[in-house]
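What follows is a single structure, written as structure tokens, with notes after it.
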There are 2 protein chains.
Amino acid sequence: MTSNLSSHNGAGVVTVPVKVSFKAQMLQAREDAIVEAVNRLLAEKGFDLMTVDQVAAEVGIAKASLYKHFPSKEDLAAAAMVRVLARAKTMLASLPANVPPIDQLKAVVRWMMRLQLAGEMPSLPSQNSSLRATLMANRAYLDGLLQVSDHIGGWIEAAQADGSLNPALPPILVLYTVYSRACDPVLEFMQSTGQHSDEEIVEFVVTTCFDGLRK
Amino acid sequence: MTSNLSSHNGAGVVTVPVKVSFKAQMLQAREDAIVEAVNRLLAEKGFDLMTVDQVAAEVGIAKASLYKHFPSKEDLAAAAMVRVLARAKTMLASLPANVPPIDQLKAVVRWMMRLQLAGEMPSLPSQNSSLRATLMANRAYLDGLLQVSDHIGGWIEAAQADGSLNPALPPILVLYTVYSRACDPVLEFMQSTGQHSDEEIVEFVVTTCFDGLRK
DNA sequence: GTCTATAGACCGATAGAC
DNA sequence: GTCTATCGGTCTATAGAC
């Protein structure tokens with residue numbers, strides 16, 4: 001899968017740094033596999049119903065090896081959240097800049113909902129205190145969340161300034177309303193009826209979110 | 001609280017059925033206390049974090065006594081859901097009939113959100129399969145849910161017919177969107193900022209729900 | 001031969017069930 | 001009040017790389 005820089009290398013003196021790099025690559029690759037598995041399981045079952053044994057089984061490694069990478073179940077979840085925040089940042093940066101802020105916001109909401117419908121959006125309980133403590137102590141998580149929120153917050157203020165978003169609503173309410181589309185149970189319910197495609201559901205909810213239920 | 005038919009009854013022959021009735025009343029009263037405690041704990045911690053020991057402690061009875069009333073933790077949760085559905089039915093019936101359907105719907109949404117803000121709305125995970133199985137096997141729950149949904153569904157169709165609700169939206173989507181206000185994390189987030197009163201938050205979310213984020 | 005990582009048994013705590 | 005199952009977390013013996 002990855003090129004082995006140390007294979008067939010006759011010079012002993014240079015094998016030492018190369019070996020370390022190869023090992024580090026392996027570790028990194030496995031860590032990625034772990035976080036991806038955690039992400040998937042968190043989306044499928046949620047934090048409470050996900051067990052670390054399942055994570056180990058999904059990755060195909062021993063549970064003890066998991067604890068070489070992450071000190072606790074909470075840190076596993078935090079890593080998954082950091083991962084989605086990183087994906088969000090990439091997505092935000094890739095959006096074309098020359099469109100109205102309201103359309104940027106819609107694009108963000110669509111992206112979140114597609115992630116949820118694809119079963120790639122981790123779901124964490126807002127009540128678990130040990131999990132909250134771990135998240136709040138995680139610099140990468142807080143940084144990522146702040147950056148994403150700032151980015152979206154800028155569009156919210158711009159959209160309120162140009163009149164395309166209701167200026168009477170507190171920006172923080174708009175931000176939370178956007179975020180909550182990532183865990184909207186309506187998506188799952190509509191999907192379970194089997195009456196509409198994922199893209200239809202996304203457009204329905206974008207409509208209810210931005211234009212409301214009213215005509 | 002309830003009239004005790006057996007008190008000061010000198011005739012021994014008739015005390016037997018009366019005594020049974022008294023016992024039944026006591027059982028019923030305790031069952032009500034249990035379900036109310038479960039309701040409160042479900043709202044506070046959610047199903048997974050609520051333990052049966054906490055319920056027993058809250059009611060002030062032994063855990064074994066709980067299992068005389070309800071065969072499992074899932075059935076406790078089901079009883080709490082039946083209770084809120086009954087309260088919902090009462091609320092629906094008490095609404096004045098001579099107002100536009102759109103305002104009936106708004107009243108329903110306001111009632112749900114006030115219940116959540118008051119910490120009286122049980123929160124169940126949509127992933128727990130054993131819980132789902134118990135709910136789907138519970139006739140009282142299914143009946144209650146169907147009746148409430150029918151009642152609200154009638155208003156949705158009426159509101160779409162009179163043009164106050166977007167007729168392009170599937171009624172089931174509107175129903176789910178209304179229901180999801182009962183577990184909207186935006187309420188809790190806005191409450192935690194401490195910037196707005198509960199009633200302000202309710203009106204904000206009613207606005208975003210029916211009129212959307214747009215101006 | 002040494003060192004590391006792994007697999008899988010194991011432990012303590014907790015919760016549901018009766 | 002006890003029994004059992006499960007889960008988060010740890011420990012140890014071993015396999016394999018160098």
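Because the structure is a prediction, the values reported are computed rather than measured. Protein chains get the first letters and strands the later ones, always in sequence-line order, with residue 1 at the start of each.
To the nearest angstrom, C1' of D:dT10 lies 13 Å from CG of A:Asp53. Atom NZ in B:Lys45 sits about 14 Å away from atom C1' in C:dT14, given to the nearest Å. To the nearest angstrom, C1' of D:dC7 lies 15 Å from CG of A:Leu41. Atom CG in A:Leu66 sits roughly 15 Å away from atom P in D:dC7 (whole-Å rounding). In this entry the distance linking CD of A:Gln54 with P of D:dT6 reads 12 Å, nearest Å. The distance between atom CG of B:Asp48 and atom C1' of D:dT6, rounded to the nearest whole Å, is 14 Å. Following rounding to the nearest Å, B:Lys73 (NZ) and D:dT6 (P) show an atom-to-atom distance of 15 Å. C:dA17 atom P lies 16 Å from atom NE2 of B:His69, rounded to whole Å.
The CG atom of B:Leu175 sits 10.0 Å away from atom CZ of A:Phe189, with the distance rounded to the nearest 0.5 Å. To the nearest 0.5 Å, atoms CG (B:Leu131) and CE (B:Met136) are separated by 9.0 Å.
Comparing A:Ala62 and B:Thr51 along DNA chain C, the residue whose closest nucleotide (by nearest heavy atom) sits nearer the 5' end is A:Ala62.
Surrounding NZ of A:Lys68 are at most 12 heavy atoms belonging to other residues, nucleotides or ligands under 6.0 Å away.
Residue B:Glu74 has its side chain nearest to C:dA17 when only C:dA17, C:dA7, D:dG9 are considered. Residue B:Tyr67 places its side chain closer to C:dC18 than to any other of D:dG8, C:dA15, C:dC18.
You won't find any donor-acceptor pair under 3.5 Å spanning the side chain of A:Lys63 and the base of C:dG8, going by distance alone.
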Donor-acceptor pairs are to be reported for all side-chain atoms of residues 106-113 of chain B against protein atoms at under 3.5 Å, with residues two or more places apart or in another chain.
residue	atom	partner	partner atom	Å
B:Arg110	NE	B:Glu203	OE2	2.7
B:Arg110	NH2	B:Glu203	OE1	3.2

